[in-house]
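We name chains A, B, ... by the order of the sequence lines, and we start the count at 1 in each one. Note: hydrogens, waters and symmetry copies are ignored here, and every other heavy atom, side chains too, is used. Bear in mind the structure is a predicted one, so any value in this text is a computation, not a measurement.
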Amino acid sequence: MQTESYSERKPINRAKIMVVDDDPDLRQVLSLRLRANNYDTVSVCDGYSAIAMAQKEKPHLIILDLGLPAGDGFAVLKNLQDYPALSVIPVVVLTARDPEGNKRRTLESGAVAFFQKPADNGELLEAIRISLQIGGWRGLPS
Amino acid sequence: MNNGQAHVLLIEDNPGDADLVRLRLVESQSDVHVNCVTRLSDALASLEVETPSLVLLDLELPDSHGAETFRRIMRKAPNVPVVILSGHDDEALAIKAVHMGVQDYLIKGDITSKHLERALRYAVERQGLLRALEVTGKQQIELKNQFLSHVSHELRTPLTCIHQYITLLLDGLDGPMLPDQTDHLKTVLKSVNQLHAMIRDLLEASRADSGKLRIELRCIDIGGLVRQAIAMMRPTAAEKQVGLEAVLDPAIPLVFADPDRALEVLINLIDNGIKFTPPDGSVVVRVSLVETDPVAVYLSVTDSGCGIPQVSLPQVFERLYQDPNAVDGNRVGLGLGLYIAKEIVTLHGGRMWAVSEAGSGSTFSFTLPIYPLAKLLLPVITHKGRLREEIVLVRVELTPLSKSLRGSWKETCEQCLDLLGKCIYVDKDFVLPPLGSSGLVETFFIVASTDMRRVSIMLDRIRAQIGAVPRLKASGTLQVTAEIIPALPAADLRNLEQQIRGVADHVTEIIQRGLTSKQNLTEKENHKHAN
């Protein structure tokens with residue numbers, strides 16, 4: 001894991017990750033962690049904004065909570081599938097909900113990985129790295 | 001019997017008694033329908049098609065006697081009130097029946113219509129109350145579980161936030177920290193992890209209560225699993241200067257269990273053992289077979305700690321049990337660990353018990369079922385009562401490109417296993433259940449009795465079918481190999497059973513060797529990860 005400070009200057013051509021979570025503190029700390037690992041981040045707090053922001057920002061990957069206002073995680077997964085341009089974005093689910101029942105359902109709805117909060121940072125970052133590779137992102141290695 | 005027509009099933013083989021009771025019934029209330037049968041088998045058949053409001057039952061029938069009669073009726077229709085028609089001479093049995101859930105009994109000679117009417121009405125009322133209680137109880141458990149599930153979800157959210165900020169600081173992302181600060185934060189992280197474990201246990205226990213605990217059975221090499229548990233717990237033991245070792249019987253067959261759950265049980269028992277053992281003491285894990293019990297493997301964890309007083313032994317598996325003598329200042333947790341462990345073992349069809357003497361340590365033992373490989377191989381490796389000259393063991397190995405993607409790798413493997421079932425010759429070949437290991441490399445074995453030419457067709461089919469699974473193409477690689485296992489020469493009927501066991505042992509050995517090498521790889525990886 002890289003340990004450089006997240007305030008470092010931005011290299012160009014980095015993968016962009018969108019964090020969708022209704023908890024502002026968690027959005028912030030996740031973004032800090034991702035930026036420290038050389039990703040660009042945008043974040044939104046609800047299901048409706050998630051789709052709007054995805055269309056505007058075209059992120060390379062989405063980290064998605066399930067319990068959200070204005071369209072929960074499942075609704076977001078479904079809506080993403082409805083737009084060809086968005087349906088190819090890999091989605092990593094990060095939720096406090098129980099894997100039982102939810103895990104299978106999210107994977108069947110198009111997510112590439114499921115993590116229950118609190119997740120191990122190493123595993124989460126590895127899943128993000130691999131998902132970006134599979135998703136065809138050919139930017140700078142993180 | 002206040003709403004609508006009463007429907008009474010009268011089970012009585014003496015026509016005189018039957019007529020009398022029927023008469024009294026009709027006298028007691030006008031709107032009653034009586035269905036009279038003379039044999040238990042007829043009664044059971046009748047209960048199959050309709051549910052009466054009450055059963056009136058003579059215990060001595062042509063095809064059933066005594067206690068067995070009401071037991072079978074109550075098993076068939078647990079929610080229908082039963083009133084027994086008893087003679088003077090078997091009143092004791094009737095009283096026993098009441099203890100076991102029968103609503104009431106009537107002495108045949110003493111039945112008056114008034115008496116009968118009251119007995120029947122009360123029987124129906126009481127049964128109704130019991131049902132209502134049962135339903136309320138179930139509703140309350142359901143409400144409690146919903147509550148716990150909600151609470152644990154809500155607790156996880158702030159806990160995640162704490163966890164994230166602590167690891168951010170510990171990883172130096174906010175700049176370097178002083179050694180003391182790092183130490184203190186590590187203590188906070190440890191507490192956060194304890195809280196996390198408690199929330200998990202709470203949810204697990206409530207699942208166990210409502211029978212929602214799930215296990216996924218696999219063939220496992222229990223020796224490998226024990227070694228893994230020991231490797232995981234070694235740091236904890238070393239920190240407390242407690243010795244930790246395994247004593248494994250080399251002839252342990254494959255076990256049919258959920259590897260994650262079995263590991264959880266082992267870790268729990270070892271952790272407890274270490275917790276209650278003073279420095280320089282020891283914890284020993286044993287795996288053995290017991291001659292009198294050919295279907296189970298026996299596992300035990302023995303510590304040299306303070307032991308458990310005889311009076312407390314029956315309580316240790318109860319939820320929320322806390323050892324009153326836990327003196328070393330360790331936080332004891334919620335007291336759900338052993339309760340969950342026992343539930344997990346019970347779910348596997350195993351048993352769990354503890355033996356201890358105050359002052360001289362405790363032994364916690366449990367059993368897990370043996371995977372009956374020899375029995376399952378029988379139809380595949382025999383042909384017309386003789387052992388086949390050879391069988392083929394096909395190994396299908398799925399390796400993920402990376403050790404992450406835990407999220408979907410398991411599902412990918414499940415999908416491949418489903419497809420595997422479609423690649424074999426159903427009556428000739430046999431797909432073993434998935435092998436358990438905590439590693440991510442998934443190995444499936446097929447025991448095949450088809451000849452080599454057809455095996456090669458099977459291999460091609462497997463490569464084409466499974467190789468085409470999109471998720472596997474994206475995240476892993478496939479390797480298919482086959483190995484011929486020759487049977488012993490001169491196969492004949494006399495020692496067939498012995499020979500099948502020989503082949504099963506041979507297959508088991510190959511599988512275990514495969515699992516062990518994989519295990520070592522996983523341990524190495526874990527080790528690498530830990531550094």
Side-chain angles (χ1 to χ4, degrees), chain A residues 1-8 21-33 35-37 65-67 90-101 103-104 106-108 110-131 133-136, chain B residues 145 148-177 189 192-193 195-197 199-200 203-204 206-207 212-214 400-412 414-415 440 470-471 473-476 529-530:
Chain A
M1 190 181 310
Q2 285 182 266
T3 53
E4 64 209 80
S5 163
Y6 46 74
S7 55
E8 221 157 79
D21 200 303
D22 59 339
D23 185 315
D25 296 331
L26 196 66
R27 278 204 306 275
Q28 191 196 3
V29 71
L30 268 179
S31 300
L32 291 177
R33 171 69 68 181
R35 291 216 288 278
N37 282 273
D65 189 13
L66 289 183
V91 178
V92 173
V93 169
L94 177 63
T95 178
R97 289 195 191 167
D98 205 33
E100 201 174 299
K103 181 172 170 181
R104 183 171 281 264
T106 51
L107 295 177
E108 280 169 1
V112 295
F114 181 101
F115 288 92
Q116 189 181 25
K117 293 175 182 173
D120 178 80
N121 284 316
E123 281 180 22
L124 182 64
L125 288 167
E126 181 75 357
I128 290 171
R129 199 176 63 77
I130 297 294
S131 304
Q133 269 174 17
I134 297 170
Chain B
N145 288 337
L148 279 177
S149 163
H150 177 76
V151 166
S152 80
H153 174 259
E154 293 303 315
L155 289 176
R156 267 173 204 280
T157 304
L159 197 66
T160 303
C161 215
I162 300 171
H163 180 262
Q164 279 295 333
Y165 277 99
I166 294 171
T167 50
L168 198 78
L169 288 167
L170 278 174
D171 288 344
L173 299 187
D174 277 333
M177 295 216 301
L189 185 60
V192 166
N193 289 337
L195 265 178
H196 182 204
I199 293 173
R200 205 189 45 218
L203 210 59
E204 286 278 273
S206 91
R207 267 200 206 115
K212 283 185 186 155
L213 216 54
R214 292 239 194 96
L401 292 174
S402 149
K403 67 186 184 61
S404 78
L405 280 193
R406 268 169 214 280
S408 58
W409 178 247
K410 219 178 101 191
E411 277 71 14
T412 308
E414 270 170 25
Q415 194 186 347
L440 284 171
R471 281 214 285 225
K473 268 162 100 179
S475 58
H529 204 61

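Residue contact with chain B, scored on non-hydrogen atoms closer than 4.5 Å, involves the side chain of A/Glu100 exclusively. Looking at B/Leu203, only its side chain comes within 4.5 Å of chain A, counting heavy atoms on both sides. Contact annotation for B/His163: only side-chain heavy atoms (C-beta onward) come within less than 4.5 Å of a heavy atom of chain A.
Heavy-atom minimum distance, A/Ala119 versus B/Gln164: O-NE2, 4.3 Å. In plain terms, the two heavy atoms of B/Tyr165 and A/Asp25 that are nearest each other are OH-O, 3.1 Å.
Between chain B and the residues A/Gly67, A/Pro99, A/Pro118, the most heavy-atom pairs under 4.5 angstrom are made by A/Pro118.
Annotation: the span from B/His196 atom NE2 to A/Lys117 atom NZ amounts to 12.0 Å, rounded to 0.5 Å.
In terms of the salt bridge (Lys or Arg N to Asp or Glu O under 4.0 Å) criterion, A/Arg97 has no residue partners (sequence neighbours excluded).
Checking A/Asp23 against B/Thr157 by side-chain atom types alone, no donor-acceptor pair falls below 3.5 Å.
Put simply, the side chain of B/Asp171 reaches to within 4.5 Å of the side chain of A/Arg33, judged on heavy atoms. Within the 4.5 Å cutoff, no side-chain heavy atoms of B/Leu173 are placed close to those of A/Leu32. Residues B/Arg156 and A/Thr95 are not in side-chain contact: their nearest non-hydrogen atoms beyond the backbone lie 4.5 Å or more apart.
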